[in-house]
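Quick note on labels: first sequence line is chain A, next is B, and so on, each numbered from 1.
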Number of protein chains: 2
Amino acid sequence: MNIYDIAAEAGTSISTVSRVLNNKGNVNPKIRDRVEAVLKKYDYKPSAIARGMVSKTMKNIAILTVDVRVTHYARMIYVIEQEFSNLGYNVSVCNTGGSVQECDRYFEILSEKQTDGIVLIGSVFNELIKYPEITAKIKDTPVVIANGQVKLPNFYSVLVDDTKAIRMASDYMFDHGRMDLFYVFDIATDSGRAKRQGFLEAMKLRDVPDGNDRVVIVDESSLEGGRNAAGKILSTGMPVNGVICGEDITAIGLMKEFKERGYRVPEDIAITGCNNSPDSRICEPELATLDNKPELLGGMCASLLRDRMEGKESATSVAIQPELVVRGSASF
Amino acid sequence: MNIYDIAAEAGTSISTVSRVLNNKGNVNPKIRDRVEAVLKKYDYKPSAIARGMVSKTMKNIAILTVDVRVTHYARMIYVIEQEFSNLGYNVSVCNTGGSVQECDRYFEILSEKQTDGIVLIGSVFNELIKYPEITAKIKDTPVVIANGQVKLPNFYSVLVDDTKAIRMASDYMFDHGRMDLFYVFDIATDSGRAKRQGFLEAMKLRDVPDGNDRVVIVDESSLEGGRNAAGKILSTGMPVNGVICGEDITAIGLMKEFKERGYRVPEDIAITGCNNSPDSRICEPELATLDNKPELLGGMCASLLRDRMEGKESATSVAIQPELVVRGSASF
DNA sequence: TTGAAAGCGCTACCAG
DNA sequence: CTGGTAGCGCTTTCAA
């Protein structure tokens, strides 16, 4: 069943059928009714592919992320999907696992399919700037990076002020008399480095001399990574009464380890995480954390992408201000 | 840059270019080299839309789920996406929020786009059987339901034996002397009802007369729902030393509430959840839970869908056997 | 082994 | 207001 069949049965031309289909141009009410009757009779739906052939768009966008199972990403994906779905788009999700090769593979397919827009979630994608032959594949597609930045003409950003976030958390600790702080650096992305930077700035502002010595590095943001971090902190032998982690899950692992070793949280050691994840409500005590507003971030990415897809000019880069959510693990 | 441009520059016809593009049919090596050089020169990529116009497929599948932010669903989505991405497909994710109208909207778009296959995640989609006018829209598309079943010619299933799962958990409790059990019914889906059924069967097998009175109902699977459940259980006035919940998060909320009310877990009250979610490792004590193997489920859905898309005959319905994971909240 | 030509199903333009 | 027609960029016959 195609537009020719409909036209034939309605005794008119495909042009007219196309007009009633798209509500475009004037059509004699009589004929319109006749066409609509046939349309309904066969429950006819025009082929989006054929339409795409002409219009050069299939009304599809894609989201690339390291892993959709990470709730923080899923929260952004959800918002973006809802927004675009309301506009009649489909949203495909691509898990790159953080691999540039995978990213390349996806870009290739997406460009062949004339995907209308791309959202990259996470600052891992910043490294794309080093691979011009990869980004070239989507040079005609508007791209928005959530909390990342790539200086290319078709790339736009919505940034999160991670540095300020951790500075806030550090200041909060200081203001409440927690002078012996540690920072757990658990994700080696630009975002992770920005967070560390916030910690170091706060240390400097308070004239703490050994800021760098108070950063411990673990190579996974996970419960286990957090446990390791606790061990590393204690083994420095330096005093500690407050720890700030780059991710909630690390903070939770760290808290578990400290508790098992007999420390009280927050009395002996106050802890804050980052992301305001559902996890932070599950652990005990509940985790103080930085809310970096993934829904807002996702929503802004969607708006920005939509603007660029419509050719509208708009801010090429906006910034989200995180908020500290005080809970049991750092309530004084 | 289209196939005509390539043909012109290579001094041959589009037919020949098409042949080298698809490695189909014989091509004079000389000409092939010439064409490939031009292909490379312009980094030419054929239009998937034009191709789809002829082949009637865009190599796209769709996953419909209530909400991608639910980790249990995201775990399946991940596996399915990886599997199909390796086959050159794109996977679009659709959040229906459990609404049939939304489902209808998605089906409409998906059918217009000639989506090659659909995966429905969750037994909420079972109710589609009541809406033949909606399912009619995708009657030519193979559909696989993860843990659900709709008796239509193009619908296939991978089932999880939820009843057995909860029966196992109940038996485990009984075997360890926990005779005063409660079940928390926290999701009103077929899956939820199957779980309750497992509890009732176990009660009957042990000749517990008041099985039904030992089911408490809450209307959300959430921390708050779990807290409410604890209250409801206590207010029955019946003895209790073991509780089984339909979802981990409910079990966690329930455990928190019991602990705050002075009960020890598992000494006074043992608790098990369902899903083996990451959450179950975060709470304290860690939660005993039923692993219903979402990755395996997702993988089987992907295989089944692939088989049906290739027209292969295969089991129309297979079942996954959950496993009980014993942890602190129910270790004796 | 090659190339001309006929679609695939639609939109958009233009003449009537 | 209507309908014929020229594409959109490819794949696939079918002759040559």
Sugar-phosphate only, base, or nothing, as touched by S18(B) at under 4.0 Å among non-hydrogen atoms: base
Those residues of residues 26-34 of chain B lying under 4.0 Å from DNA chain C by at least one heavy atom: N26(B), V27(B), N28(B), I31(B)
R75(A) side chain to N275(A) side chain, donor-acceptor N/O pair below 3.5 angstrom: no
Test item: Y131(B) and D104(B) side chains (from C-beta on) under 4.5 Å apart, heavy atoms: no
Nearest non-hydrogen partners of V68(B) and A74(A), listed with the distance: O-CB, 3.7 Å
Positive for side-chain hydrogen bond (donor to acceptor under 3.5 Å, both in side chains) with D162(B), one of T189(B), N292(B), N147(B): N147(B)
Exercise: do R105(A) and S85(B) side chains pair donor with acceptor under 3.5 Å: yes
Close side-chain approach of M309(A) to F84(A), heavy-atom, < 4.5 Å: yes
N2(A) vs dC8(C): side-chain N/O to OP1/OP2 distance below 4.0 Å: no
Side-chain touch L120(B)/F155(B), heavy atoms, less than 4.5 angstrom: yes
Between P of dT13(D) and CG of N22(B), the distance in whole Å: 13 Å
Atom pair CG/CD of L128(A) and Q149(A) - distance to nearest 0.5 Å: 13.5 Å
Test salt bridge (Lys or Arg N to Asp or Glu O under 4.0 Å) applied to D43(A) - qualifying residues, sequence neighbours left out: K45(A)
Test item: L39(A) and L21(A) side chains (from C-beta on) under 4.5 Å apart, heavy atoms: yes
Atom pair CD1 (I109(A)) and NZ (K137(A)), whose distance is rounded to the nearest 0.5 Å: 10.5 Å
Gap between atoms CG and P, on N23(A) and dT11(C) respectively (whole Å): 12 Å
Of all pairs that satisfy side chain to side chain donor-acceptor pair (under 3.5 Å), the ones with a partner from residues 52-62 of chain B, not counting sequence neighbours: T57(B)-D116(B)
What nitrogen or oxygen pairs link the protein and nucleotides 14-16 of chain C at under 3.5 Å?
none

Separation between OG1 of T141(A) and CD1 of I61(A), rounded to the nearest 0.5 Å: 12.0 Å
DNA chain C contacts among residues 50-61 of chain B, heavy-atom distance under 4.0 Å: M53(B), V54(B), K56(B)
Below 4.0 Å: OP1/OP2 of dT11(C) and any side-chain N or O of K24(A): no
Residues within residues 3-16 of chain A bordering DNA chain C, heavy-atom distance below 4.0 Å: I3(A), Y4(A), I14(A), S15(A)
